[in-house]
Amino acid sequence: MKLLESTIGKRMKITDIILDDKTKNRLQNIGIIIGCEVALIRNNFGDVVVKVRDCSVAMNKDVAKGIFVEEQL
């Protein structure tokens, strides 16, 4: 499922990132990589906020649509 479609507060693991190379590199620089654990904190009209490690990161919905996740058990 897409990160944008995940439930707020649930721990998710990134399984794939399907975005252009420039955006992938920016995400990688802030620690958002395949295998990383994230949680959707807020899903507003234009942006989403995710928790990555101990940080909150805001991103555009178009970016969040390109990040695929699965639920952590």
Side-chain angles (χ1 to χ4, degrees):
M1 90 173 75
K2 295 178 183 177
L3 175 61
L4 190 62
E5 300 166 345
S6 65
T7 304
I8 292 176
K10 280 218 178 203
R11 293 180 355 185
M12 308 298 277
K13 179 181 172 184
I14 297 176
T15 57
D16 201 5
I17 299 174
I18 302 177
L19 295 164
D20 62 271
D21 288 339
K22 182 179 176 183
T23 305
K24 279 185 185 181
N25 287 336
R26 263 193 275 148
L27 292 174
Q28 183 177 12
N29 289 336
I30 58 173
I32 299 176
I33 57 174
I34 293 173
C36 177
E37 188 177 292
V38 297
L40 185 63
I41 297 174
R42 192 174 351 157
N43 187 350
N44 288 340
F45 296 105
D47 297 321
V48 297
V49 178
V50 296
K51 182 174 182 172
V52 181
R53 295 179 180 87
D54 292 330
C55 300
S56 296
V57 177
M59 65 180 72
N60 184 292
K61 282 191 176 190
D62 292 331
V63 173
K65 288 178 187 176
I67 300 173
F68 292 82
V69 295
E70 65 182 21
E71 187 174 344
Q72 283 289 94
L73 299 176

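Residues take their numbers from the sequence shown, with the count starting at 1.
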Novice: Closest approach of Cys36 and Gly31, non-hydrogen atoms and distance?
Specialist: SG-O, 3.4 Å

Novice: Tell me who clusters with Ile34, hydrophobic residues only, linked when side chains sit under 4.5 Å apart either directly or through other members.
Specialist: Met1, Leu3, Leu4, Ile8, Met12, Ile14, Ile17, Leu19, Leu27, Ile30, Ile32, Val38, Leu40, Val48, Val50, Val52, Val57, Met59, Val63, Ile67, Val69

Novice: Listed by chain and number, what are the salt bridge (Lys or Arg N to Asp or Glu O under 4.0 Å) partners of Arg42, not counting sequence neighbours?
Specialist: none

Novice: Looking at residues at least two apart in the chain, or sitting in another chain, which of them share a salt bridge (Lys or Arg N to Asp or Glu O under 4.0 Å) with Glu37?
Specialist: Arg11

Novice: Linking directly or through intermediates, with side-chain heavy atoms under 4.5 Å: list the remaining ILVMFWY members grouped with Ile41, chain and number order.
Specialist: Val49

Novice: Suppose we screen for side-chain hydrogen bond (donor to acceptor under 3.5 Å, both in side chains). Which residues come up paired with Asp20, at least two apart in sequence or across chains?
Specialist: Thr23

Novice: Got a sec, which pairs hit salt bridge (Lys or Arg N to Asp or Glu O under 4.0 Å) with one end in residues 27-36, sequence neighbours left out?
Specialist: none

Novice: Can you run down the salt bridge (Lys or Arg N to Asp or Glu O under 4.0 Å) pairs that involve residues 24-36, sequence neighbours left out, and say none if there aren't any?
Specialist: none

Novice: Glu5: which residues meet the salt bridge (Lys or Arg N to Asp or Glu O under 4.0 Å) condition with it, sequence neighbours left out?
Specialist: none

Novice: Which pairs pass side-chain hydrogen bond (donor to acceptor under 3.5 Å, both in side chains) with one or both residues in residues 56-68, sequence neighbours excluded?
Specialist: Asn43-Lys61

Novice: With sequence neighbours left out, write down each residue that passes side-chain hydrogen bond (donor to acceptor under 3.5 Å, both in side chains) with Glu71, or none if nothing qualifies.
Specialist: Lys10

